[in-house]
Amino acid sequence: ILACRADILFFLSAFCYLHEPRPMKDEEGRTLPEIIPFIPWAHQVPIIRSIRENIGFEDIGVEKARGEGMSWIAVYIALHDWVFAIPGTRMVSIGVVSRNLEMADSPDDPASLGWKFDWALKRLPKWMVGQEFSGKQKSSAVGWRRNMAEHTWRNLQNGSVITCYAATAETGSGGRYTYFLLDELSKFQPGADKDALTSTQQTTKSRLIIGTPYGSEGAYYDVMHEPSSMVKLVLAWENNPTRNRGLYRMVDGKPMAIDRANNPLLPRYDPPNQEV
């Protein structure tokens, strides 16, 4: 417990899992499992550390490519606070916002953040989180309660709460929050994106704003480009070791590997010419 509380990377690598439904094979052609340990890639590590250091104190904006695991990172950062808040000392309240309530919390849809919270929680060891409340356990065995009608997860040991919301002008109004997660703000409906930013700004000192570049308009574009004190991070596909094999640029009309020593061009690779 102490090691997990002190180091989120230890928590992720030792106890957390990811669901990857897209079929994948290793270099020898063997099909990989869909449920895999969350051992962060090297390019994810500084992003995770920076978010862990600043969340709760500063707004954080993340520009990311699709498939880089940023939604899972956000889910596990929230769970890290929710699980390891010390009873009687710290009680966190975390708001989670998506473009609509279905994407925020739909227990049967793996695309929703709520599904990810449910899935991840049930794979953490019971000695760490206890059992989900069902109304039948002894109080000593109860760790947390899921309220689907209210879209909440309450830690019954330390009082911490995670709540999911749709993006509206009333998002989180009337409450106070340790921080908010706004996932894929770039895909929120025009108007609702700015409403959600305005509403959450009144209730917390810190928001983790995540988006994939999606045009040059909207709240996400504005907040990532306007001068501010917000911590701005980039989680780029070209740094992902599973996606950048043979990465090259054209030099004098010929392909040249970006990293000749560690990531050379594949044998007999025939890339397009400079004109193409």
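Atom set for the values below is all heavy atoms of this structure, side chains included, hydrogens, waters and symmetry mates excluded. Every value quoted in this text rests on a predicted model; they were computed, and no experiment measured them.
Annotation for A257 and N263: closest pair CB-O, 3.8 Å, computed over non-hydrogen atoms. Nearest heavy-atom pair across S199 and S173 is OG-N, 4.3 Å. Scanning all heavy atoms of the two residues, the minimum distance from D108 to P110 falls at O-CD, 3.5 Å. Between A219 and L197, the shortest heavy-atom distance links the atoms CB-CD1, 3.6 Å. Looking at every heavy atom in both residues, F188 comes nearest to A196 through CE2-CB, 4.4 Å. Across every non-hydrogen atom of Y177 and G172, the tightest pair is CE1-O, 3.3 Å.
Contact of the C164 side chain with the W153 side chain is registered, since non-hydrogen atoms from C-beta on lie closer than 4.5 Å. Annotation: side chain of R176 is not in contact with side chain of T204 (no heavy-atom distance under 4.5 Å). Between D81 and I94 there is a side-chain heavy-atom pair separated by less than 4.5 Å. When side chains are defined from C-beta on, L18 does not count as touching I35, because their heavy atoms never get closer than 4.5 Å. Within the 4.5 Å cutoff, side-chain heavy atoms of K126 are placed close to those of Q131. Residues F84 and I1 have side chains in contact (heavy-atom distance under 4.5 Å, counting atoms from C-beta outward). In this structure the side chain of I209 never reaches within 4.5 angstrom of the side chain of I60, judged on heavy atoms.
Between H19 and W119, the ring planes lie tilted relative to each other; the angle falls in the 30° to 60° range.
Open room surrounds OH on Y17; 12 or fewer heavy atoms of other groups in view lie less than 6.0 Å from it. Applying the 6.0 Å contact sphere to CE of M230 captures more than 12 heavy atoms from other residues, nucleotides or ligands. Other residues, nucleotides and ligands place more than 12 heavy atoms under 6.0 Å from the CD atom of Q202. At most 12 heavy atoms of other shown residues, nucleotides or ligands fall within 6.0 angstrom of atom CZ in R154.
R146 contributes atom CZ, which lies 10.0 Å from atom CD1 of I162 (distance to the nearest 0.5 angstrom). Atom CD1 of I47 sits about 13.0 Å away from atom CH2 of W41, to the nearest 0.5 Å. Atom CG in L12 sits 8.0 Å away from atom CD1 in I73 (nearest 0.5 Å). Note: I8 CD1 to R52 CZ = 5.0 Å, rounded to the nearest 0.5 Å. With values rounded to the nearest 0.5 angstrom, E58 atom CD is found 13.5 Å from I51 atom CD1. For the atom pair L235 CG and E68 CD, the distance stands at 5.0 Å (nearest 0.5 Å).
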Next item on the list: Take F180 and V97, measure what side chain to side chain contact (heavy atoms under 4.5 Å, CB included) needs, and give me the verdict at the end.
Entry: CA-CA 7 Å; F180 267 94; V97 189; 3.6 Å; yes
Item checked: Check against ring pair (Phe, Tyr, Trp, His ring centres under 6.0 Å), Y179 and F57 -> CA-CA 8 Å; Y179 54 83; F57 303 97; 9.9 Å; no
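Remark: of the listed residues K187, R66, E184, E184 is the sole one forming a side-chain hydrogen bond (donor to acceptor under 3.5 Å, both in side chains) with T212.
Checked against the 6.0 Å centroid criterion, the rings of Y76 and F38 qualify as a close aromatic pair. Ring centroids of W144 and F133 are separated by 6.0 Å or more, keeping the two rings apart. Here Y214 and Y221 keep their ring centres 6.0 angstrom or further from each other.
In this structure, the side chain of N158 engages the main chain of W82 through a donor-acceptor pair within 3.5 Å. The closest donor-acceptor contact from the side chain of R249 to the backbone of I258 lies at 3.5 Å or more, if one exists at all. N155 places no side-chain N or O within 3.5 Å of a backbone atom of S160 that could act as its donor or acceptor partner. Without hydrogens or angle criteria, E63 side chain to I210 main chain gives no donor-acceptor distance under 3.5 Å. No donor-acceptor pair under 3.5 Å is formed between the side chain of T178 and the backbone N or O of G56. At least one donor-acceptor pair under 3.5 Å links the side chain of S112 to the backbone N or O of S106. T203 contributes a side-chain N or O that, together with a main-chain N or O of T200, makes up a donor-acceptor pair within less than 3.5 Å.
Listed by chain and number, the hydrophobic cluster partners of M256 are V251, where partners are ILVMFWY side chains within reach of under 4.5 Å, directly or through others.
In summary, the side chains of E53 and S50 do not present any donor paired with an acceptor at a separation below 3.5 Å, with no hydrogens or angles considered. Defined by atom type and a distance below 3.5 Å, a donor-acceptor pair is missing between the side-chain atoms of H80 and R5.
Linking Ile, Leu, Val, Met, Phe, Trp and Tyr whenever their side-chain heavy atoms come within less than 4.5 Å leaves V129 and M91 in two separate clusters. Y220 and L182 fall within a single hydrophobic cluster, where Ile, Leu, Val, Met, Phe, Trp and Tyr are joined by side-chain heavy atoms under 4.5 Å apart, directly or via other members. In the hydrophobic clustering of this structure, I77 groups with W115; members are Ile, Leu, Val, Met, Phe, Trp, Tyr whose side-chain heavy atoms approach within less than 4.5 Å, directly or through other members.
A salt bridge is absent between K116 and D183; no separation between the charged side-chain nitrogens and carboxylate oxygens falls under 4.0 Å.
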